J.: 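Sharing a structure here in structure tokens format.
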Amino acid sequence: MGSETSELLATRRAKLERLRAEGVEPFPHAFPGVVPVAAVHEAHADLPAGEDSDARYRVAGRLHARRGQGKMAFLDLDDRSGRLQLQAKLDVLGPERMARLLELDLGDIVGVDGLAFRSKRGELSLRAEDVTVLAKSLRPPPDKHHGLQDVETRFRRRELDLMANEEARELFLTRARVITAVRRQLDEAGFVEVETPVLQPLYGGALARPFTTHHNALDRTLYLRIATELYLKRLIVGGLERVYELAKDFRNEGISYKHNPEFTMLEWYEAYADYNDAAARLEALVAGVAQAIGYEGEIDFTAPWRRVTLVAAIREATGIDVLEHRDRDALVAAIRAAGLDLPVEDRSWPQLVDDLLSKHVEPELVQPTIVMDYPVELSPFAKAHRTQPGLVERFEAFAGGMEIANAFTELNDPDVQRERFEAQLRLAGAGDDETQPYDEVFVEALEQGMPPTGGLGLGIDRLTMLMTGRRSIREVVLFPAMRD
RNA sequence: GCCCCUGUAGCUCAACUGGCAGAGCAGCGGACUCUUAAUCCGAAGGUUGAAGGUUCGAUUCCUUCCGGGGGCACCA
């Protein structure tokens, strides 16, 4: 750390000691009766320029800027609701309080009591009558005008991003409103919110590598969940009928603009429903979220969304009908004949279908689209399609060129489920390290009898990206994964 | 893991083909009782991410390492 930094820190420390020497507590315990600055603005929206009100307020927040230093100064105070200008006048405060106020640093947390007025230039302000230090800031804040631009610092030191950049504050308030809107709609639809284990003896419900940990007392390996699916279905077996969980999943995979190792997932399961019902519920839910947050972007979330089968979507984008090339070699030949830029080495038929989808279809799906009916090989927990052999009743929803949701008519035949697990075991034996471990407890639960069920998973981070127009998941996660 | 870009003062950014590392804001000293990116005067603030190398001379060129961004691969 440079000597200048030490000087900056030393200056602030010296002010801290000066406060204490004057008998001022720089870190008091509380400051009751604070009003948001937005409430002050709201109450005096019609106050003419140059006029005083007769209303006094107590506000609190962080000092953001200061203008003037002599017998009168203006200061900007930020709180969560916005910014309010303070006026400090020698003839109001008296010499001692005026001097103490002028010693404050930008970044200090202060409480202010004062009279609301509107300045001659038309700015609603508070004429400070008393100022209380609520927390001395010992480090310099980011640039008052340019904010904090450095991406690395914004992500590693999110508190600086939030204090310096209003858009960052607004974004995370929007994220909270997204989550509130999701919960409210599901609650109103009769779903019960549940919590299932994060630490699991077996991971399952998705195809991904897990984080591994160890329980000392039990001396056994545990996994951080990659999905909540299997536990939630056991709750359907138990008769809860409509359940959801909105929480973190963990996948030990790469990091990208749309992948963070821990991410927030909503999963719901609804008895007596199928994937068509899940699609309708998803459309209504997301449209409801867009409305709740006042979304004004270019994506039209209004239901119903465009629906297309996976086979048709791939055919539209590439001209290849994957069902007419139902084995690996035939599909590879078709991909080569079409001149597609797609690696085919060591790729199985289902992997190639998935590649065609993710490389050639997904990026084009900007407006919300429901892609339906997937090959059984890609979907170990989905029920066979009622009319299309070899396919399952599964859809993925896409928007903004990203997958946002994945849903099935849930497989509830325990014998078929057991066969699917065995197929996964064979893939694992062949070297695939992202297969489903055999979960006998889950199969036994299905043997108990699970009603027909529609289930869905929705990526909350990606949904927030869409709702806020951000192109990186790191912008919508408060503390994204970074190297140490 | 591979490729490209990138790292300069607390913050935001400059620095030509290799030639003394500079400004604004913040901070410090001073002036100012309606300013709002306040203004004005003054002084200060740097191991140019780290370590090596080439050179009379490196922020600049080369190598390695570290961090960040983007892309590819992986990951639906």
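Quick caveat, the model's predicted, so the values are computed rather than measured. Numbers restart at 1 for each chain; the letters A, B, ... are given by sequence-line order, proteins then strands.
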J.: Have A:Ser119 and A:Gln87 got a donor and an acceptor in their side chains that come within less than 3.5 Å?
T.: no
J.: Using atom types as modelled and distance alone, determine if a side-chain donor or acceptor of A:Arg12 lies under 3.5 Å from a backbone N or O of A:Lys136.
T.: no
J.: On RNA chain B, compare the nucleotides closest to A:Gly50 and A:Ser379; which residue's is nearer the 5' end?
T.: A:Gly50
J.: Which base sits across from B:rU17 as a Watson-Crick or G-U pair, both distances under 3.5 Å?
T.: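 When the pairing criteria are applied, nothing turns out to pair with B:rU17, so the answer is none.
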J.: Toward the 5' end of RNA chain B, which comes first, A:Thr153 or A:Arg12, by nearest nucleotide?
T.: A:Thr153
J.: Below 4.0 angstrom from OP1 or OP2 of B:rA38, is there any side-chain N or O of A:Arg67?
T.: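 Affirmative; the distance criterion is met.
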J.: Can you measure A:Gln149 atom CD to B:rU12 atom P for me and round it to whole angstrom units?
T.: 7 Å
J.: Between B:rA37, B:rU36, B:rG27, spot the one nearest the side chain of A:Glu123, thanks.
T.: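 Looking only at heavy atoms from C-beta outward on A:Glu123, the closest nucleotide is B:rU36.
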J.: Could you give the distance separating B:rG57 and B:rC20 at their C1' atoms, to the nearest angstrom?
T.: 11 Å
J.: Name the pairing partner of B:rU48, where a pair is Watson-Crick or G-U wobble with both distances under 3.5 Å, or state none.
T.: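 Base-paired to nothing in any strand shown.
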J.: How long is the line joining CZ of A:Arg462 and P of B:rC75, in whole Å?
T.: 14 Å
J.: Out of B:rC32, B:rC75, B:rG24, which has the shortest distance to the side chain of A:Glu253?
T.: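 Selected nucleotide (nearest to the side chain): B:rC75.
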J.: Please give me every residue in residues 84-95 of chain A whose heavy atoms get under 4.0 Å of an atom in RNA chain B, ordered by residue number.
T.: A:Gln85, A:Gln87, A:Lys89, A:Asp91
J.: So A:Thr369 and A:Trp305, do their side chains get closer than 4.5 Å, heavy atoms only?
T.: no
J.: Name the pairing partner of B:rG1, where a pair is Watson-Crick or G-U wobble with both distances under 3.5 Å, or state none.
T.: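 The base-pairing partner of B:rG1, which may sit in any strand shown, is B:rC72.
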J.: If I pick the P atom on B:rG19 and the same atom on B:rC28, what distance separates them, to the nearest angstrom?
T.: 37 Å
J.: Does NZ or CZ of A:Arg127 fall inside the cone over A:Phe117's six-membered ring, less than 6.0 Å from its centre and within 45° of the axis?
T.: yes
J.: Could you pull out the closest heavy-atom pair between A:Pro363 and A:Ser358, with the gap in Å?
T.: CD-O, 3.3 Å
J.: Could you state the atom-to-atom distance from CD1 of A:Ile255 to P of B:rG1 in whole Å?
T.: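 After rounding, the reported distance stands at 12 Å.
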J.: So does A:Arg251 get a side-chain nitrogen or oxygen closer than 4.0 Å to the phosphate oxygens (OP1/OP2) of B:rC75?
T.: no
J.: Tell me the partner of B:rA31, counting only Watson-Crick (N1-N3 plus N6-O4 or O6-N4) or G-U wobble (N1-O2 and O6-N3) with both under 3.5 Å; none if nothing fits.
T.: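 B:rA31 is paired, partner B:rU39.
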J.: Let me know the distance between CG of A:Leu75 and C1' of B:rU33, rounded to the nearest Å.
T.: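 The answer, rounded to whole Å, is 14 Å.
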J.: Rounded to the nearest angstrom, tell me the gap between atom CG in A:Leu8 and atom C1' in B:rG45.
T.: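 Between C1' of B:rG45 and CG of A:Leu8: 8 Å.
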J.: What nucleic acid atoms does A:Gln69 come within less than 4.0 Å of, heavy atoms only: base, sugar-phosphate, or nothing?
T.: base
J.: Going by heavy atoms in the side chains, are A:Leu101 and A:Leu86 under 4.5 Å from each other?
T.: no
J.: Does atom CZ of A:Arg20 have more than 12 heavy-atom neighbours from other groups under 6.0 Å away?
T.: yes
J.: Please pick, from B:rC25, B:rG71, B:rC75, the nucleotide with the shortest atom-to-atom distance to any side-chain atom of A:Arg209.
T.: B:rC75
J.: Quote, to the nearest angstrom, the P distance that separates B:rA26 from B:rU39.
T.: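 Looking at atom P only, B:rA26 and B:rU39 are 8 Å apart.
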J.: How is A:Leu160 classified with respect to the nucleic acid when contacts are heavy atoms under 4.0 Å: base, sugar-phosphate, or nothing?
T.: nothing
J.: Under 4.0 Å between any heavy atoms, over every strand shown, what does A:Lys258 touch: base, sugar-phosphate, or nothing? Just pick one.
T.: nothing
J.: Which whole-number value in Å describes the distance from A:Asp461 CG to B:rC75 C1'?
T.: 16 Å
J.: Tell me if the side-chain of A:His259 makes a donor-acceptor pair with the base of B:rC75, cut-off 3.5 Å, by modelled atom types.
T.: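 Checked by distance alone, the answer is yes.
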J.: Classify the side chain of A:Asp105 and the base of B:rG27 as holding, or not holding, a donor-acceptor pair under 3.5 Å.
T.: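 By the distance-only test, no, there is no pair.
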J.: Identify the nucleotide, in any strand shown, that forms a Watson-Crick or G-U wobble pair with B:rG7, with both distances under 3.5 Å; if there is none, say none.
T.: B:rC66
J.: Using a cut-off of 4.0 Å on non-hydrogen atoms, how would the nucleic acid contact of A:Arg121 be classed: base, sugar-phosphate, or nothing?
T.: base
J.: Paired with B:rA23 by Watson-Crick or G-U wobble geometry, both distances under 3.5 Å: which nucleotide is it?
T.: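 Checking every strand shown, B:rA23 finds its partner in B:rU12, with both distances under 3.5 Å.
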J.: Can you tell which of B:rU35, B:rC11, B:rG68 lies closest to the side chain of A:Ser119?
T.: B:rU35
J.: Given A:Glu103, which of A:Arg66, A:Lys15, A:Arg18 fulfils the salt bridge (charged side-chain N to carboxylate O under 4.0 Å, His left out) condition?
T.: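 In the set A:Arg66, A:Lys15, A:Arg18, the residue that makes a salt bridge (charged side-chain N to carboxylate O under 4.0 Å, His left out) with A:Glu103 is A:Arg18.
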J.: Could you please spell out the steps behind the salt bridge (charged side-chain N to carboxylate O under 4.0 Å, His left out) verdict for A:Arg83 and A:Glu123?
T.: CA-CA 11 Å; A:Arg83 180 169 297 166; A:Glu123 177 88 12; over 6 Å; no
J.: Expressed as a whole number of Å, how far does the P atom of B:rG18 sit from that of B:rA37?
T.: 41 Å
J.: Between A:Arg66 and B:rC25, is there a side-chain N or O to OP1/OP2 distance below 4.0 Å?
T.: no
J.: So A:Arg471, base contact, sugar-phosphate only, or nothing? Heavy-atom distance under 4.0 Å.
T.: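 The residue A:Arg471 makes no contact with any strand.
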J.: What integer distance in Å separates A:Met98:CE from B:rU33:C1'?
T.: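 So the CE-C1' distance, A:Met98 to B:rU33, works out to 8 Å.
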J.: Taking the P atom in each of B:rU17 and B:rA9, what is the distance between them to the nearest angstrom?
T.: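 Taking atom P in both B:rU17 and B:rA9, they lie 23 Å apart.
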J.: Out of B:rC34, B:rG24, B:rU36, which nucleotide sits closest to the side chain of A:Met72?
T.: B:rC34
J.: Would you kindly give the CZ-to-P distance between A:Arg156 and B:rC66, to the nearest whole Å?
T.: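 Going from A:Arg156 (CZ) to B:rC66 (P), I get 14 Å.
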J.: Closer than 4.0 Å, any side-chain N/O of A:Lys15 to the OP1 or OP2 of B:rC28?
T.: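 Looking at the OP1 and OP2 atoms of B:rC28, one of them is under 4.0 Å from a side-chain N or O of A:Lys15.
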J.: Can you list every pair that meets side chain to side chain donor-acceptor pair (under 3.5 Å) and has a residue in residues 34-46 of chain A, with sequence neighbours left out?
T.: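 Those involving residues 34-46 of chain A are A:His44-A:Tyr57.
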J.: Measure from the side chain of A:Glu7, starting at C-beta and using heavy atoms only, and say which of B:rC75, B:rG45, B:rC34 lies closest.
T.: B:rG45
J.: Quick one: do the A:Ser348 and A:Gln351 side chains pair a donor with an acceptor below 3.5 Å?
T.: yes
